[in-house]
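Lettering of chains follows the sequences in order, A, B, ..., and the numbering in each one begins at 1.
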Amino acid sequence: MASRWADTEADAAEALRKKKEKEEKKRLKLRKQQAEEAAAQAALEAEARPSKRRRLSSGDDEAAEAAPSKEKEAERNLLRFEAGGWAPCRHTSNFETLNHIEEGSYGWVSRARELSTGEVVALKKVKMDLKQDGFPTTALREIALLQRARHPNIVSLHEVLSGSSPDEVVLVMEFVEHDLKTLQEDMPEPFLASEVKTLLKQLVGAVSFLHSNAILHRDLKTSNILLSNRGHLKIADFGMARYIPPPNAPLTQLVVTLWYRAPELLLGAEDYGAEIDMWSFGCIFGELLSKSPILQGKNEVDELSLIFALCGLPSEKSWPGFYRLPNARSLKIPRDTGARAAGQIRAKFPFLTNAGAELLSSLLSLNPEHRPTAEEVVNHSYFKEAPKPKPMEMFPTFPSKAGQEKRRRRASPNAPKRGDGHGVQNVDFSSIFASRDDEETGGGFQLKMV
Amino acid sequence: MQPSPLANPLATVAQLEESGSRLDGIPADLENSIRFAGARLTQAAGILLRLPQEVIAQAIVVFMRFWVGPEGGSLAEFGARQVSAASMYLTTKLSAYPKSPRSIVNVYTYLDSLPSTYTEPESLQDTSKADAYYVSEGTYQARRMELFETEQRVLKTLGFQVQVVLPYTLCITYLQALDAFSHPRATELAKRAFAHLNTALLSPQLLYLTHQPPSLATAAIYLAAKEVGIKLPAVEWWEVFDTDREELGFLVVGMLSVENFVEEERARWQKNKVPMTVEELEAAMQTSSNGTE
């Protein structure tokens with residue numbers, strides 16, 4: 001008896017079909033080969049013919065000389081530059097909003113999904129105040145800078161959408177689970193030294209990239225720094241950022257959130273530079289170590305006094321330009337020597353290594369010229385000594401508030417702790433069966449979906 | 001991926017084949033005339049606003065990008081003047097030289113008051129007709145709102161691609177690389193090269209929308225060296241700057257052809273004004289269709 005799998009008729013048909021297919025392929029291949037040969041022939045002929053285009057102008061003897069040499073040489077590889085094209089903004093209806101994340105001065109941020117691809121993104125709706133200056137300059141700058149600043153540690157801008165109403169403009173950006181501020185608030189312990197290094201290394205890499213591209217961020221702070229579930233850090237919110245303008249153009253001093261604002265800004269400097277980002281970077285460094293912002297001033301005056309308490313007092317020697325700053329004249333610095341002038345940084349971070357303390361103190365130098373550049377920080381020995389930066393894949397994960405994830409409720413109680421042993425002796429078990437008699441019978445089995 | 005700091009987004013073939021204006025029945029030659037007059041207007045406004053050429057050039061490229069492609073702006077919906085003003089306004093916003101809506105409105109109103117598009121430069125000295133370009137409060141408010149609305153439309157039509165990389169700095173770098181500055185007439189050479197780059201901005205062939213800055217700079221140097229009579233290396237030096245012979249040839253011809261185009265435009269419009277608003281365009285189309293009947 002033939003196997004019940006063997007269906008000779010169908011097999012034969014299949015074999016025939018396969019054979020036909022093969023033949024068809026062979027024929028196509030042959031035809032393609034012929035076509036290629038013909039094309040090559042044509043190209044050869046074209047090459048042999050004196051080309052009209054080659055001659056740029058009559059009497060161009062250089063070109064005539066150069067032409068034959070080119071024939072001999074193989075085609076040279078010239079660099080091609082690509083920067084895409086442009087197309088009108090897509091409509092917001094291509095995305096569905098999942099949940100609201102936060103609202104800031106710049107606009108509303110929410111988590112959304114692209115309907116066609118299912119990709120989860122962050123949408124940032126621009127707050128429009130058309131009456132004043134038309135499209136908000138800050139948003140325009142943010143878009144322009146994000147289009148240029150593509151870096152693994154800078155949040156990427158996918159596209160810009162327009163809505164049904166003319167003044168609706170939405171930025172589509174990659175969704176990143178956490179921001180460092182919210183994350184730290186929920187963490188029971190500060191980051192480990194190795195984790196701080198991983199974060200700072202990524203952060204300073206991005207800052208160095210920005211500065212080398214002549215971009216000032218001007219609002220570095222933990223709530224603007226995002227962290228993915230894979231330990232990948234990304235700088236966000238370029239609403240304050242701008243290109244470093246030509247020299248002598250006055251800049252606004254009203255930048256950077258107060259707790260991260262450099263002393264020269266508080267003192268009214270008008271021609272500041274990349275150093276203000278390095279000060280903010282120093283503040284973030286301290287914040288990651290101690291789990292809370294290190295300079296929480298109530299106002300500008302308080303902020304400056306906190307800075308002097310932490311970093312010491314400025315002197316003509318340590319900061320020669322200091323007294324020439326607009327707001328410094330009203331300041332009466334006591335002629336103090338010794339401990340108060342020296343600063344408290346080493347004492348405030350006792351667990352930091354010498355290299356770490358040296359880096360933090362230099363970042364929090366009152367004189368902007370004494371602060372290291374981002375490039376110098378990247379190569380600082382702090383990142384090379386033990387403990388080494390923790391690999392990103394080893395980074396702990398956390399439930400994402402923006403993604404509306406909750407800390408998983410513990411399925412089982414904790415293991416007993418040492419010293420809790422007394423519990424077993426004096427536990428009253430009498431209540432276990434006490435209510436048994438009162439229980440109603442006949443309710444039966446119930447499966448409830450909760 | 002980091003976009004090359006030397007590259008611009010370019011118009012696609014589909015965008016070059018069709019335009020919003022032509023879809024709306026505006027003849028291609030009229031579209032070319034208006035686009036050229038609009039680019040020229042942007043240049044003039046930029047000079048009156050005392051802006052550096054770098055900012056003006058960006059505004060012109062933004063203006064040119066707006067009209068390209070079937071999804072681009074149409075002259076039947078937007079006047080060239082309002083788009084020029086909006087391109088200028090948003091470009092200055094991103095630059096280190098922001099200009100107030102008031103300045104923009106004033107300058108464009110003044111330029112609009114000139115009796116013809118291709119005016120003799122001497123007539124610009126005439127200040128007796130000051131009330132022709134006086135902007136009343138009501139007009140200012142209306143123009144300002146128009147400026148803001150057009151700005152939005154330009155941004156959305158371009159998908160916010162309003163940044164432009166320019167060839168000017170590259171041009172100087174290339175001249176240095178060619179060791180041209182050791183020549184006694186190097187200044188003349190550089191000036192001619194810059195002049196060609198400025199001319200190319202106005203080209204009806206949209207050279208800044210179809211070619212990358214390195215090629216534009218190379219072609220300008222090639223042309224300038226021929227004109228000034230400075231001998232450049234007798235090898236294919238343009239390949240060092242990533243431009244092949246074919247592209248170089250195309251750009252050289254493109255840059256040279258602008259002069260003829262301008263002469264034709266001047267002859268075509270003589271003492272008339274090129275229609276720079278939707279209403280003016282409609283009127284012009286009306287009279288031309290009456291004329292053919």
Counting only heavy atoms not in [X] (residues, nucleotides, ligands), do more than 12 fall under 6.0 Å from its [atom1]?
X	atom1	result
B:R50	CZ	no
B:E146	CD	yes
B:E259	CD	no

Heavy-atom pair with the smallest gap, counting every atom of [X] and [Y]:
X	Y	value
B:A7	A:F81	CB-CB, 3.6 Å
B:Q152	A:F135	OE1-CD1, 3.7 Å
B:K93	A:L140	CD-CD2, 3.9 Å

Checking heavy atoms, do the side chain of [X], its backbone, both or neither come under 4.5 Å from chain A?
X	value
B:R153	neither
B:P214	side chain
B:V165	side chain
B:E247	side chain
B:S100	neither

Options B:Q212, B:Q163, B:Q161, ranked by heavy-atom pairs under 4.5 Å with chain A, top entry: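 Most heavy-atom pairs under 4.5 Å with chain A: B:Q163.
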
Closest-packed option against chain A by number of heavy-atom pairs under 4.5 Å, given B:L155, B:T12, B:L209: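 The answer is B:L155.
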
Donor-acceptor pair, side chain of B:Y89 and main chain of A:D133, under 3.5 angstrom: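 Yes, the answer is positive, given that a donor and an acceptor are paired below the 3.5 Å cut-off.
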
A:L161 CG to B:K156 NZ distance, which is reported to the nearest 0.5 Å: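 Nearest 0.5 Å value for the CG-NZ distance: 10.0 Å.
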
Nearest-0.5 Å distance, OH of residue A:Y243 to CG of residue B:L94: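 The CG atom of B:L94 is 9.0 Å from OH of A:Y243, to the nearest 0.5 Å.
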
Result block: side-chain N/O donor-acceptor pairs under 3.5 angstrom for residues 66-74 of chain B, not counting sequence neighbours:
residue : atom : partner : partner atom : Å
B:W67   : NE1  : B:F63   : O            : 3.3
B:S74   : OG   : B:D24   : OD2          : 2.5
B:S74   : OG   : B:A76   : N            : 3.0

Winner by heavy-atom pair count (cut-off under 4.5 Å) against chain B, out of A:V169, A:T137, A:L78, A:I143: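 Most pairs with chain B among the choices: A:L78.
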
Side chain, backbone, both or neither of A:R80 within contact of chain B (heavy atoms, under 4.5 Å):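 Only the side chain of A:R80 comes within 4.5 Å of chain B.
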
Matching residue for B:F160 among A:L171, A:L157, A:L146, A:V160 - test: side chain to side chain contact (heavy atoms under 4.5 Å, CB included):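 Only one of A:L171, A:L157, A:L146, A:V160 forms a side chain to side chain contact (heavy atoms under 4.5 Å, CB included) with B:F160, namely A:V160.
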
